[in-house]
2 protein chains.
Amino acid sequence: MVRRQATIADVARTAGVSRQTVSRVVNNKGEISAQTRQRIRAIIEELGYRPHVIASSLAGGRSRHIGLVITNPAEEVPTNPFFLSVIYGASTEAEKREYGLVIRYAPADEVIRLRENVFGRGQVDGIVVLRAHRDCAAAFGGRGPDQLPVVLVGDFPPDCQCPFVDIDNTSGGHLLAEHLLEHGYRRIAVVCHSPAGHASADRRVQALLDAFRLRDLPVAREAILWTDSTLPDAYRKALTVVRGCRPPQAIVATNDWTAMVVLRAIHDTGLRVPEDVAVVGFDDLPLAAYLEPPLTTVVFSGFDLGRSALERLICRIETGAPAGSAHLPARLVIRRSCGCPLQPPLEPDPFGPVELSLSGERRGAELLPLASDGLPVAPGSWPAPEARSSPGQRSIGNV
Amino acid sequence: MVRRQATIADVARTAGVSRQTVSRVVNNKGEISAQTRQRIRAIIEELGYRPHVIASSLAGGRSRHIGLVITNPAEEVPTNPFFLSVIYGASTEAEKREYGLVIRYAPADEVIRLRENVFGRGQVDGIVVLRAHRDCAAAFGGRGPDQLPVVLVGDFPPDCQCPFVDIDNTSGGHLLAEHLLEHGYRRIAVVCHSPAGHASADRRVQALLDAFRLRDLPVAREAILWTDSTLPDAYRKALTVVRGCRPPQAIVATNDWTAMVVLRAIHDTGLRVPEDVAVVGFDDLPLAAYLEPPLTTVVFSGFDLGRSALERLICRIETGAPAGSAHLPARLVIRRSCGCPLQPPLEPDPFGPVELSLSGERRGAELLPLASDGLPVAPGSWPAPEARSSPGQRSIGNV
DNA sequence: GTGAAAGCGCTAACAC
DNA sequence: GTGTTAGCGCTTTCAC
């Protein structure tokens with residue numbers, strides 16, 4: 001005999017109550033006598049009854065699902081590992097609130113259509129968009145009668161009509177500035193990963209300058225070097241700074257790739273990091289920890305970004321209150337390039353953009369102290385062999 | 001007046017037909033006179049009717065959703081970028097087949113429970129599990145009446161009861177062997193990223209040996225160096241090989257992290273790569289392209305893995321035919337460490353584990369040829385500043 | 001505290 | 001080709 005999955009009617013019949021009563025027990029809604037509740041619970045257990053999500057969605061008018069749209073600008077492949085942290089954060093929050101998370105990739109200019117069509121009729125109760133276009137923000141501002149609520153993840157103007165969450169480049173800049181000031185550095189230079197006018201670099205630089213100006217240590221305009229977004233240009237600019245008549249005590253790169261090039265320029269000039277000049281970056285790329293010296297950098301939590309977006313969206317869905325926007329704070333990852341002494345090996349940040357093995361061969365206690373021999377790292381030798389154990393731990397591709 | 005979303009009944013009434021007829025038009029099912037179809041189409045358009053997915057799920061008994069479970073072994077953070085490629089592939093295929101993709105993280109030992117409870121009643125029509133435990137495979141083998149179909153992604157025995165897809169380490173090993181043989185290398189050594197007995201390394205090594213043996217070029221047992229999964233050990237082993245009385249013409253590392261350490265060992269011995277000895281790896285980590293020299297390596301497509309898993313699952317769902325398992329072929333990424341001449345800059349692999357900017361500031365034509373000056377890369381200087389432009393392109397954390 | 005009735009919006013099965 | 005009937009399994013509303 002084929003045993004059909006038990007329905008709410010089966011439970012009700014067995015318990016000798018109405019389906020409504022069972023529904024109340026299942027959803028913890030309304031007043032139920034403790035005795036009835038207990039009896040029904042037992043029967044549910046016995047019959048192996050599980051609510052049918054689809055049916056309750058239809059009847060209740062809420063699917064308890066959220067759509068997560070990952071935007072892929074033309075020609076770009078949406079496999080930035082940072083996204084995965086965002087997804088993980090979103091999924092974690094969804095699970096906690098007992099929502100399903102429906103994921104979908106889409107070109108940025110199709111997002112609006114997506115809300116109307118694909119996710120249009122009851123499939124999801126709201127949408128989170130990763131890195132939406134600015135014009136989406138405008139389109140999603142108005143909350144019409146049948147419009148799904150939306151929360152954006154990315155960089156939007158403060159007066160954005162649509163709620164959003166973003167990383168806080170400004171707090172990142174401040175954090176870094178404070179740390180450099182604590183080191184006693186007074187003369188700094190900044191090498192940017194882009195020309196002026198690009199949001200993330202602008203914000204990082206501005207925050208840095210503000211913090212120094214607040215201490216009456218204004219940074220000269222000449223000490224801010226914008227680039228054309230290429231590494232060779234960054235290298236030239238870094239050389240200029242380092243070989244100037246009065247080299248800075250610290251160089252801030254506005255991202256880690258740029259920081260790497262700065263490190264090279266400094267070395268090529270015959271100076272040492274951090275003894276002669278400190279270097280810091282932004283983003284905490286997986287390789288930042290492996291550089292020589294390991295790079296002090298600012299990290300933003302994708303996990304928190306995803307979690308926060310879902311939190312806001314679900315709150316909006318369930319209470320109807322407008323979601324509101326937020327910038328999530330940065331965190332400083334102190335390694336050696338800033339001049340700090342060798343740090344004890346840190347546990348990997350549970351929420352950071354860390355690569356991990358698919359092979360399940362991870363071992364707990366294999367992290368060794370990072371190399372500190374100060375010797376030049378050889379070609380192709382990076383990282384230093386003493387630098388880290390457990391290669392399997394970070395390998396990619398072993399499924 | 002609040003304009004309610006049009007239902008199938010609205011369309012039917014307006015068209016003067018039954019709801020069933022409208023349903024047929026919408027789903028392209030059954031024979032409909034061209035005229036009726038056209039009229040209904042027009043009315044659908046006019047009314048802005050969109051099918052209610054939930055309602056059709058309930059009525060049709062199929063949700064047109066697939067659950068994607070991402071397994072996180074204890075204490076490990078599931079943010080391996082390789083996963084993101086898998087997710088992307090899965091999502092792409094789901095979209096093509098018009099399925100929704102519900103994503104969910106879970107400890108490996110809860111996957112079985114997940115199938116029964118969370119995804120149990122109609123929420124999804126099938127499940128894909130990333131890196132399930134071996135015992136899940138057994139549990140999912142039996143296809144009972146109410147059991148959701150499952151496809152696994154990962155390494156399972158050939159006689160696995162449950163259909164799975166996996167990367168083909170064996171083809172990867174062969175590919176690499178063929179290439180080394182084409183270079184004319186006869187004497188090779190292998191440095192493994194793990195002890196013997198670990199599936200991925202075992203398979204890679206075995207395939208390599210088989211290919212060489214087939215040419216009557218057996219690899220000596222002493223030339224296979226297993227490690228304790230730590231980089232320092234790999235470094236020691238690599239030194240042993242390189243400093244032996246007859247150093248090999250090529251060294252295969254079973255993953256890229258290990259390959260990096262091998263590169264260092266070779267340099268520390270005063271030899272050059274690839275002139276004195278060639279080096280190749282596995283996995284194509286994002287950094288492989290940036291090493292000096294750029295690393296020739298074997299890559300597996302996470303995208304294809306995800307796509308294939310969904311393809312099989314959906315086929316199983318729609319036809320009822322058993323899904324069957326497969327190993328997806330590897331691809332060789334030829335750079336310079338194998339002795340090949342400098343390659344022209346390649347477009348980023350659209351499906352590979354590539355990091356990309358969140359900032360949307362990507363520029364098209366900024367890729368420059370990789371550095372080939374042959375100079376030692378300085379401490380912390382990696383990559384060479386000429387090596388690559390467009391730092392923003394690979395930055396992480398700019399949302 | 002509990003129950004009865006009336007759908008949610010759609011599709012399956014069969015009739016015509 | 002098209003319509004009719006009967007649900008899918010649950011929640012909502014209101015009655016008692």
Side-chain angles (χ1 to χ4, degrees), chain A residues 4-41 43-44 47-65 98 100 119-125 146 318, chain B residues 4-41 43-44 47-65 98 100 119-125 146 318:
Chain A
R4 196 174 44 77
Q5 278 270 21
T7 73
I8 203 170
D10 298 325
V11 178
R13 202 176 318 112
T14 313
V17 298
S18 72
R19 295 176 308 172
Q20 184 47 232
T21 306
V22 178
S23 171
R24 286 190 183 109
V25 170
V26 170
N27 299 302
N28 287 316
K29 253 185 191 168
E31 306 293 294
I32 298 276
S33 77
Q35 190 190 337
T36 313
R37 188 199 324 276
Q38 205 164 345
R39 191 158 47 90
I40 293 180
R41 286 248 170 86
I43 290 167
I44 284 176
L47 264 48
Y49 166 73
R50 296 287 139 196
H52 189 127
V53 193
I54 302 284
S56 32
S57 289
L58 183 59
R62 288 157 43 256
S63 69
R64 294 200 73 86
H65 280 252
E98 301 193 280
F119 287 148
R121 301 285 312 279
Q123 183 171 167
V124 299
D125 299 338
D146 289 314
E318 295 187 345
Chain B
R4 193 174 46 78
Q5 277 270 24
T7 73
I8 203 169
D10 297 326
V11 178
R13 204 177 316 113
T14 314
V17 297
S18 74
R19 296 176 307 174
Q20 186 48 231
T21 306
V22 179
S23 172
R24 286 190 182 109
V25 170
V26 170
N27 298 302
N28 287 315
K29 254 186 192 168
E31 306 293 291
I32 298 278
S33 78
Q35 189 190 338
T36 312
R37 188 202 322 278
Q38 205 165 345
R39 190 158 48 90
I40 292 181
R41 286 248 171 86
I43 288 167
I44 285 176
L47 264 47
Y49 167 73
R50 296 287 139 196
H52 190 131
V53 194
I54 301 286
S56 35
S57 289
L58 183 58
R62 289 156 41 255
S63 69
R64 296 200 72 89
H65 280 250
E98 302 194 279
F119 287 147
R121 301 285 314 279
Q123 184 172 166
V124 299
D125 299 337
D146 290 313
E318 295 187 345

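First the proteins, then the strands, lettered A, B, ... as listed; each starts at 1. The basis for the numbers below is simple: all heavy atoms, side chains too, and nothing from hydrogens, waters or symmetry mates.
- Between the NE2 atom of B/His52 and the C1' atom of D/dC10 there is a distance of 13 Å, given to the nearest Å.
- Summarising the geometry of A/Thr14 relative to A/Asp10, their closest heavy-atom pair is OG1-O, 2.6 Å, with the distance given to 0.1 Å.
- Between B/Val17 and B/Thr36 the shortest heavy-atom distance is CG1-CG2, 4.4 Å.
- Between the side chain of A/Arg39 and the backbone N or O of A/Ala15 there is at least one donor-acceptor pair closer than 3.5 Å.
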Next on the checklist: Walk along nucleotides 11-16 of chain D from 5' to 3' and tag each nucleotide B, S or - by protein heavy-atom contact under 4.0 Å, base first, then sugar-phosphate.
Outcome noted: BBB---
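- In this entry the distance linking CZ of B/Arg50 with P of C/dC8 reads 21 Å, nearest Å.
- Remark: side-chain polar atoms of B/Ser63 are not paired, donor with acceptor, to backbone N or O of B/Ser57 under 3.5 angstrom.
- Atom CD of A/Gln38 is surrounded by 12 or fewer heavy atoms from other residues, nucleotides or ligands within 6.0 Å.
- Between the CZ atom of A/Arg13 and the P atom of D/dG9 there is a distance of 12 Å, given to the nearest Å.
- The CZ-C1' distance, from A/Arg121 to C/dC8, rounds to 11 Å in whole Å.
- Summarising the geometry, the separation between CD on B/Gln38 and P on D/dG1 is reported as 16 Å, rounded to the nearest angstrom.
- Map B/Thr36 and B/Leu58 each onto its nearest nucleotide of DNA chain D; the residue landing nearer the 5' end is B/Thr36.
- With hydrogens and angles ignored, the 3.5 Å screen pairs a side-chain donor or acceptor of B/Arg37 with a backbone N or O of B/Ile32.
- The shortest distance between the side-chain N/O atoms of A/Thr21 and the OP1/OP2 oxygens of C/dG1 is not below 4.0 Å.
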